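It should be emphasised that the depicted structure is a prediction, and the values quoted were computed from it without experimental measurement. Both counts, for ligands and for their atoms, begin at 1 and track the order of listing.
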Amino acid sequence: MIYQNTLAFAENLDVQDELSHFRNQFLIPQHNGEDSIYLCGNSLGLQPKSTEKYLGAQLNTWKDLAVEGWFQGDDPWLQFHHQLKPPLAALTGANPDEITVMNSLTVNLHLLLVSFYQPNNKRYKILMEGGAFPSDQYAIESQVSYHGFEPSKAIIEVFPREGEHTLRTQDIVSAIEQNAGELALVLFAGVNYYTGQLFDMEAIAKAGHKAGAYVGFDLAHSVGNVPLQLRNWDADFACWCSYKYMNSGPGGISGIFVHEKHFNSPDLKRFAGWWGYRSDKRFLMAQGFKPAHGAEGWQVSTSPILLLATHKAALDIFVKAGGLEKLRQKSILLTGYLEYLIHEINRGHGEELFTIITPSDPNIRGCQLSIVCKRNGKAIFNYLAENGVIGDWREPDVIRLSPVPLYNSFKDVYRAASYLDMSLAVSE
Ligand SMILES: *Cc1c(COP(=O)(O)O)cnc(C)c1O
């Protein structure tokens, strides 16, 4: 699309946007009596208006039925999580059986590492992207130490080349090949939280398997943001949170994917709990763990129904939007518009004041742009915040802005860029 740097152009794109009415289904934080420009869905997605209703329904069941809520009512709690599997399967490219929802993300990463990181003296290394989200780094480091290996020897991080901000697939693949004999696991993000780069998960899975390793993905910044084909890509496992692009509330429930080929694999260890027991026999309370079929066999604890309810409210909106296909088309235009406007600012000032480190190819990024400020980054960020533009700041000099196709408009993007431009005069 040929973009224009005018409010009228942005407003016209909003008129033509067939998804624009979804914005109405969200509660947008107010700033001086107006909608703020919320570009922080990469960190915490907005609250759907329907969330209160979905949550209220479960509070009523608790009030009216109390313990019988597990078995009675419109949505017996015992089965409630089943409703979440089809929409999540659609968003991740999985079979519903390969998905379940439980715990929170880092906890699930640990639980999946129990199964998929079983190092021995020959194969003990984990290869991951350099600059992964800190929680993942800590999880890996502690798992490696737990198994008695030295993190500095066992963890291989792949960094961008000198002078580059993002990773080349060929460099990831050759790092995997170089360590082939010693790799136990390849663990990558789908989309890196800092740069917004979308990795070639299919190529990573293929190379990892060729090297004899398991391959897993942390999809915290990916699910609800970019199209995924976990099954076709042959990922062994994946996990994600629901509170970023999936709008399911702060600290919302996490989800996992385990590829069908591992359902009955006897050499995969797991840390068990009663909620992972065969559901038909769970209440016999018998000795000896027998896992439920599919990803459910990794469940540990009683379902947190209130968190499942907020997740359901948010996922139903994705279903109404017809899944990710149209959302992704809009997302590409929306983020492309922000990118264009930032280039316009640089052009207007005759200087690259904002460097976008996110890939410029829309096929290898999602909603987010990560913008390095040449000067006065923190002052610029503060100016945006004072004017109701909500993004986030990552030390030392990066502003992350993520227009989200479900609730952001082209006008939001235009106005955010105007404030970014005006911030330059104020922050000098
Ligand atoms: C957001 C995020 C997390 C957060 O994990 P929690 O357990 O929900 O706190 C972990 N990893 C990645 C890659 C993330 O983007």
Side-chain angles (χ1 to χ4, degrees), residues 39-46 84 88 91-92 100-114 116-117 126-144 155 157-159 166-167 172 185-199 201 204 215-226 228 230 235 237-257 271 298-301 304 306-308 310-311 314 357-358 365-370 390-395 398-402 404:
L39 301 178
C40 211
N42 56 292
S43 188
L44 180 67
L46 291 180
L84 305 182
L88 284 169
L91 289 175
T92 56
T100 200
V101 286
M102 58 186 206
N103 314 315
S104 46
L105 171 53
T106 310
V107 172
N108 283 341
L109 185 56
H110 277 297
L111 290 173
L112 288 164
L113 288 170
V114 167
F116 292 98
Y117 180 56
I126 301 183
L127 185 137
M128 60 196 295
E129 91 247 38
F133 192 87
S135 201
D136 300 41
Q137 295 184 35
Y138 308 149
I140 293 287
E141 188 187 312
S142 59
Q143 286 274 341
V144 164
I155 303 172
E157 293 175 294
V158 191
F159 285 97
T166 50
L167 277 167
I172 301 171
L185 174 68
V186 176
L187 180 79
F188 252 73
V191 173
N192 177 269
Y193 83 104
Y194 192 80
T195 64
Q197 178 179 15
L198 166 58
F199 296 115
M201 286 173 258
I204 293 170
V215 180
F217 296 103
D218 185 325
L219 302 178
H221 282 261
S222 314
V223 187
N225 179 18
V226 293
L228 298 165
L230 291 178
F237 70 94
C239 48
W240 53 84
C241 60
S242 63
Y243 50 81
K244 293 172 180 169
Y245 293 101
M246 278 192 288
N247 312 316
S248 300
I253 192 132
S254 165
I256 66 161
F257 162 88
F271 282 174
W298 271 263
Q299 289 174 184
V300 179
S301 284
L306 301 181
L307 295 183
L308 296 186
T310 63
H311 199 17
I357 59 173
T358 308
R365 70 182 183 204
C367 298
Q368 172 183 329
L369 293 184
S370 303
I390 306 172
D392 68 10
W393 173 255
R394 284 290 173 265
E395 295 293 345
V398 168
I399 296 174
R400 298 188 301 176
L401 298 176
S402 303
V404 168

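At the top of the distance list for atom 11 (N) of ligand 1, counting protein heavy atoms only, stands D136 OD1, 2.6 Å.
Remark: Y138 OH is loosely packed, at most 12 non-hydrogen atoms of other residues, nucleotides or ligands lying under 6.0 Å away.
Of the candidates H221, K244, H110, it is K244 that places a heavy atom closest to atom 14 (C) of ligand 1.
For ligand 1, the polar-atom distance check against D218 finds a nitrogen or oxygen pair separated by under 3.5 Å.
Within ligand 1, counting atoms from 1 as listed, the ones closer than 4.0 Å to a heavy atom of T106 are 5 (O), 6 (P), 7 (O). Within the listing of ligand 1, atoms 1 (C), 4 (C), 5 (O), 6 (P), 8 (O), 9 (O) sit less than 4.0 angstrom from a heavy atom of Y243.
Relative orientation of the F116 and F237 rings is parallel, given thresholds of 30° and 60° on the angle between their planes.
With E129 contributing its side chain and F188 its backbone, the two residues share no donor-acceptor pair below 3.5 Å.
The closest side-chain heavy-atom distance from L219 to M201 is below 4.5 Å. The shortest distance between side-chain heavy atoms of I253 and S248 does not fall below 4.5 Å.
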